[in-house]
**Q** 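The structure follows.
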Amino acid sequence: MIDLHHAIVLGVLLFAVGLYGALRTTNAVRILMCIELMLNAVNLNFVSFARLAAVSGTAQAAVPGQVFAIFVMTVAAAEVAVGLAIILQIVRQRGVVHIDRINLLKG
Amino acid sequence: MTLLEKTMAAAALPPALLENIWLVPALPLASWVVITFFNRRLGERAAHVGTAAVLGSLVLAVAAFVGLLRIGHPVSSGGHWLTLGPVELRMGFTVDSLGAVMLLVVSIVSAAVHVYSVGYMHGDRRYQRYFGTLSLFTSAMLALVLADNFLLLLISWEVMGLCSYLLIGHWFEQAWPRMASMKAFMTTRVGDVAMMIGIWLLFTQTGTFNIADITRSAAEGHLGPAVITIAAVLLFAGAVGKSAQFPLHVWLPDAMAGPTPVSALIHAATMVAAGVYLVARSYGIFMHSAEAMLTVAVIGGFTALFAATIATVMTDFKKVLAYSTVSQLGYMMLGLGVGGFVAGVFHLVTHAFFKALLFLTSGSVSHAVGTFEIHEMGGLARKMKVTFWTFLAGAAALAGIPPLAGFWSKDEILLAVFGSGYHVLFWMAVATAFLTAYYMTRLTCLVFLGRPRDRHRYEHAHESPLSMTGPLVVLGALAVVAGLPGSAWMGHWLGHFLDFGHTLPGLSAAGHDAAAHAAHGAAGHGAAALVMPIAIGSAVLGILVGYAVYGLRLVRRESLIRAFRPIYTLFKNKYYVDELYQVVFVRPSVRLAEMCGIFDNRVIDGLVNGVGAVTVETSAAAGEFDNIVIDGAVNGLADGTVAAGRQLRRAHTGQVQSYMVALYAGAAVSLLALLWFLL
Amino acid sequence: MDWNLVTPELIVAGTGLAVLVLDLFLSEERRRSAAYLSLAGLLAALVASVRLLAAGLPDGSGAAAAGPGAGLWGGMLVADPFALLVKLLFLGIGLAVIMLSVDFVESRRIAAGEYNALVLFSVLGMMIMAGSRDLIVIYLGLETTAIASYVLAGLLRGDARSGEAALKYFLTGALASAVILFGMSLVFGGTGSTSLTALLAPGFLGLSGAAPVSGPLALAGLVLLVAGFGFKIAAVPFHFWAPDAYEGAPTPVTAFFSVGPKAAAFAVVLRVFAPVLLLGQAGGPPAVLPVLFAGLAVVTMTVGNLVALTQKNIKRMLAYSSIAHAGYMMVGLAVATPQGTAAVIYYLLAYAVTNLGVFAVVIWLNNRGTGDEISDYTGLAGRAPLAAAAMLVCLLSLIGIPPMVGFFGKFYLFMAAVEAGMAWLAVVMVVNSAVSVGYYYGIVRNMYLQDEPAGEAVRATPMVGTALGLTVAAVLALGFLSEPLSHLARLAGGGL
Amino acid sequence: MSFLDGLAALAPTIGFFVLAVIILVSAWMVSHARRITHAAFFMVLVFTGVAGVFVLLGADFLAGGQVLVYVGAIAVMFLFAIMVSDLKEISDAETRARGAGTGSAAAGGTGTRKVWFVLAGLVTVGFAGLVLAALARSGLPAGAVGAAAGPGTTAPIARELFTTFLVPFELASVVLLVAMVGAIVLVAREREEEVE
């Protein structure tokens, strides 16, 4: 048996680890990976909450939560495609993937 | 058509015209549009378009004035404009006696200036733009005078501000006009913001922008005394900016950087008068607050004396006139502030004519000798007869020599101040009258009389063309006679006209009494008999002193200066107000803006560097701590110093990471706010 | 279910696909056709929206089925006056942006078909965002617009700044999406539903009673949504991306960013928060939200204005200016009254129209080789009097000088704040707009009061000229017609 | 109940905690692994772990989708991008340079980076802590659920997806189309230039 609280806390923690990674690394590709982790965490939340709603009586909530998670996956895929394309473009332009060296625009 | 029918038609015209009074500002507005769109095609013919439009407005203004005389009651026109929730806004014009008088003054001065500019600005590279802006300005001023609500008044007010800005900076190739235009714009905006708040305040209290309605609810006691006082003072702040009253007077002398006709039109006769007009127009609000009235009177009186002292030491022809304008505007405010409504408006009218005249003569003189520096002039009376005599008329009118225009109106103001019982203000006003006569005599002597001090310039001097002297003559004549309608000789006709019951809808009976009383009422002939000699005496004394120093040279100017060195320096530097503003407002705000820029750019980096410095400090204090806790590989003080050096070099920005951190830090703070509320 | 109600969306989506297909068959010289097709599609959608709006208005004739609040697919999409009004705005923005970019796209050799299709899909996403009461649909609309925007920012080949703008926008945008999603998951957790209407269950946000799970959870979600949407509307401190993205992106795209996604985000904010904020009767809205919006408003407008003062690049300056305007708009949210909501809608329209005008001038000059520095506008009044005059009108509107439309926007916000008893906020706003005169003035000074360097007259191309003429006319006309517009805004706000 | 029965009943709980540890540690490694390819590998581990949790939560369809989309598509996309371009060399080289403390001046010294990590950590901990605090205050009802919660979820989800959620479903296809067009126009255009 899983206590749903634990699942939700796991979601928050995974989000936090992803966030820390995204803030700490300078490698654009890694940041993108970390963002994917955060989206996964959100999906965990959705599923847990859906389950929680089902457990506490509002059974119809279970499906929307999971459907939302499906759409998040879809968008995540789209985001990764575009993100990698943008990163590749930068790499071709400057030969750099570390974002702290990408700062022509400032001020 | 029989003669009878013609007469009937003529009689029917005024009401129709008064109901379509929008035509008066519309003509110059149309001229502006035409000039703007057919800029290139028109060439110097733009001047004809502008002048024709203003002359048209003048004709209509005269007709409206006559019509109003015949009808005998104010006429409003206009209609529904928009609805704001429960509030319905009207947009309209109204012609009452105050408006009609102002209409006349504005269109006459404006027409004179237009005609004068045709010759004066000839050959200017932005000739069309000049006339276009002048037209727009005239249109805005006419609309302001006719507006029946604060919203239209505010719109016209702002448009005038913009035109003034463009005209002052007309010769923007030079640094001085550029700076001056910016200074004028910024300084007046300080007052404008306060004024807008005042208007909003009145609006929120009464639910209308209509001046008559607001005045009425003030009279009927629907507004609390505190509200009236605050609103009136805020409105007055706008007037202080526009009419160049202390402490926002600094822009006007600098505004002389614009072409001289502009100085005459905007910075002597009309735009600066808008502030005084605003106070007059909302007099029904002011008079219900003794505090506000006193504020107006004190600021006005102080400005009058303050600027007059500066005018005595200026050596630039136009700057003398500019400070004189500031001073005279203060005079008007003083008159209004002590309850002399008619006196203040009367002086506004006469001053418009002779001050426009004086400015235009200064233009004529500089046209001849190529400078405004009065110490390089002298003896010009012989060469420029028309200019000299018209100038003399204007100067005498300003100095208050009977029976010229300025005498009558100044006398009325002095009488009103005397009647109010504020003795200090009265003697300040008398001192101002003395100084005014003194500096005008000084100016006359230095420019027109005596021996030429600059041979070369004198040789080249010549009278100006007819297009310039013509307006001078017209205005000169007005400077002589414009005071008569308000004078005792004509039984204070102007006073009765302005009073004729409807100028200030909602003005309480007490208000009427106060105005009438101050002008020529219960204080009686005793006061008049006392005040008039004082007025004449101070003016004559001023002229005598001035003539003694500058005409007869009984006292050498240099020794005078030496004797009064500290005061002279203080006056000469205009009491250091500009310097004060520079130190107190301008520099700090520039610095603040820069700091904010730096802050925003580098907030995170700065934080990083700051934290970094702290880290280095800490590690210096406890090298072990650095080794164990923060870093496994690095190494004490030396490395820390190097790191600090790098950090300093690395003060660059644009780090996307810092953006992301800010994003989540912001989200965290928002959550913190939530928890705060949940607890 | 009435398919009529989604015709604008269907037209835009169809046009987007058609443009992509058409592009395959077009020769290099005829690439402009893609733009023409897009314009036609947007125009058709605009007409359809106007018809729907007219039919849905209370005094409109017939079409009762299209009445206010008509929902489709169980509220997944709604076609109420608010949705239709902002859709009109979005379509107008789309039209203007495509008109402004035709020459730009051609001269910079940007792939025309993809460019136009991306703009169209982005507009589609915006329309969807505004027209839904369901979190899933809102999220998807948001992402459609966002992903298209990331790509649009990076479209300039070989321009390192463009690529950098895209990367920064993307990385921060993706993180902001994560916050939004996290917030949505909490809202879902709190209400057990993805529909916004669930938030309004009686007594729910009053933190008691019949809530399926709990109030604070959903409230925490809403607070995170404030942060996430704060990013989209470039509110301080979520604004850092905006100046970089604006400066680096192709100029027509910058014009689009400054009004399009921002307006859409505001529309969503209104959708999500207006009903919650207006819970006035039932014990008032959760106190944290107005406070949060008020704080954001003050910080945003102040920082935006102050930093704008120090800018030298006009696109960057406009970015900060746009941040400041977002701050003004949030005043309307902070007051939490129907008047405030209507004022935000009105301001949104006013700002979008005006800012498009400014960008039209910038693009006009940019196409003719003028740079993006404010100093490049020196003496413009001599070289291009019309451009300078148009710019002047728009800047005056941005400052808020009557009778331009911008004045009424500020006016309504101001009134709303005063009426709601938040006069201090109104005062902050007035002081801020006084500060803003400083930097707008800088441009005016350069245009009108600096000696013109020798340069020949700059003429506009027909497309840019038309777009500029239309926007300037709107700036002036909407000022005079502000009443019908504000009426519409009130009507739209009332149906939220 | 015998010991073994108890163990069986406990299995999901144990499984959950094992998965949780795997997920969190792998997630940590995504940003800390030396090589970018290793980071991608740890990312896949996280995805798989999350799919496992989905199964434990009774979302079997979603678990399948998770494996397909994340592991099958997204992770592969990452690896593909890393491998085909010189991303791997560049990013590994830079990471090495930094790790050895010899990064360029622009990349900053080690000290700064440490400070940076602290700042990022503070923000993260603050954010997560506050979210958890809000969760704690919201009084979620306790709910312990078993793995097998009724029939599978595939059928109801499919039904809903094509009825109630038709609009978002169609919209998702637009999102994918936009991403496709965008990725192509950004990456493939250089070849287009070569052709011209």
Side-chain angles (χ1 to χ4, degrees), chain B residues 36 39 81-85 89 126 129 151 154-155 158-159 162 165-166 169 172-173 177-178 181-182 185-186 189-190 192-193 196-197 200 203-204 590 592-601 603-604 654 656 658-660 662-671 673-678, chain C residues 167-168 171-172 175-176 179 207 216 219-220 223-224 226-228 230-231 236-238 240-241 244 286-288 291-292 295 302-303 306-307 309-311 339 381 385 389 396 401-403 408 411-412 414-415 418-419 426-427 430-431 434 437-438 441 445 448-451 482-483 486-487 490:
Chain B
T36 309
N39 193 332
W81 184 35
L82 54 89
T83 308
L84 297 169
L89 286 190
R126 282 182 294 272
R129 187 174 122 172
L151 210 54
L154 186 67
I155 295 174
E158 295 294 343
V159 172
L162 182 70
Y165 163 73
L166 289 175
F172 50 73
E173 289 85 354
R178 223 165 41 226
S181 60
M182 181 165 92
F185 196 63
M186 291 299 178
R189 273 210 77 86
V190 173
D192 290 356
V193 170
M196 280 183 220
I197 297 175
W200 297 138
F203 177 70
T204 53
V590 168
L592 181 67
E594 280 170 358
M595 267 165 46
C596 282
I598 292 168
F599 174 78
D600 190 59
N601 295 345
V603 56
I604 301 301
V656 69
S658 52
Y659 307 169
M660 304 194 293
L663 187 90
Y664 274 83
V669 171
S670 307
L671 281 172
L674 170 72
L675 287 176
W676 176 271
F677 276 91
L678 286 182
Chain C
L167 182 66
K168 285 181 170 175
L171 288 177
T172 48
L175 270 177
V179 173
L207 315 184
L219 205 51
V223 166
L224 289 183
V226 172
F231 169 87
V236 176
F238 315 110
F240 286 95
W241 62 277
D244 288 1
V288 64
V291 170
L292 211 51
T302 309
V303 170
L306 286 175
V307 181
L309 280 174
T310 65
Q311 296 302 319
Q339 286 90 334
L396 290 180
I401 303 271
F408 294 97
F411 178 82
Y412 292 130
F414 184 95
M415 289 304 300
V418 171
E419 275 175 24
V427 170
V430 170
V431 171
V437 173
Y441 161 80
R445 179 191 55 200
Y448 280 94
L449 294 185
Q450 299 280 333
D451 210 1
S482 89
E483 190 193 334
S486 74
H487 176 73
R490 271 197 306 281

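In what follows, every chain begins at residue 1, and chains take the letters A, B, ... in the order their sequences are listed.
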**Q** Once you round to the nearest 0.5 Å, how far does CG of Leu224(C) lie from CG of Leu674(B)?
**A**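 Rounded to the nearest 0.5 Å, the CG-CG separation comes out at 8.5 Å.
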**Q** When rounded to the nearest 0.5 angstrom, what is the spacing between CE in Met660(B) and CG in Leu175(C)?
**A** 5.5 Å
**Q** Taking side chain as everything from C-beta outward and backbone as N, CA, C, O, which of these in Val179(C) sits under 4.5 Å from a heavy atom of chain B? Side chain, backbone, both or neither.
**A**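 Both backbone and side chain.
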**Q** Of all of Val291(C), Val226(C), Val430(C), which one pairs up most often with chain B through heavy atoms under 4.5 Å apart?
**A**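 Of the options given, most contacts go to Val291(C).
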**Q** Is the Phe414(C) to Phe203(B) ring centre distance short of 6.0 Å?
**A** no
**Q** Given a strict heavy-atom distance threshold of 4.5 Å, which part of Leu154(B) is in contact with chain C: side chain, backbone, both, or neither?
**A**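 For Leu154(B), there is no contact with chain C at all, as no heavy atom is under 4.5 Å.
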**Q** Rounded to the nearest 0.5 Å, what separation is found between the CG atom of Leu166(B) and the CZ atom of Arg445(C)?
**A**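 That separation rounds to 13.5 Å.
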**Q** Heavy-atom cut-off 4.5 Å, strictly under: side chain, backbone, both or neither for Leu396(C) against chain B?
**A** side chain
**Q** According to side chain to side chain contact (heavy atoms under 4.5 Å, CB included), who are the partners of Ile197(B), at least two apart in sequence or on a separate chain?
**A** Val193(B), Leu234(B)
**Q** If you tally heavy-atom pairs under 4.5 Å against chain B, which of Thr302(C), Leu292(C), Val431(C), Val427(C) wins?
**A** Leu292(C)
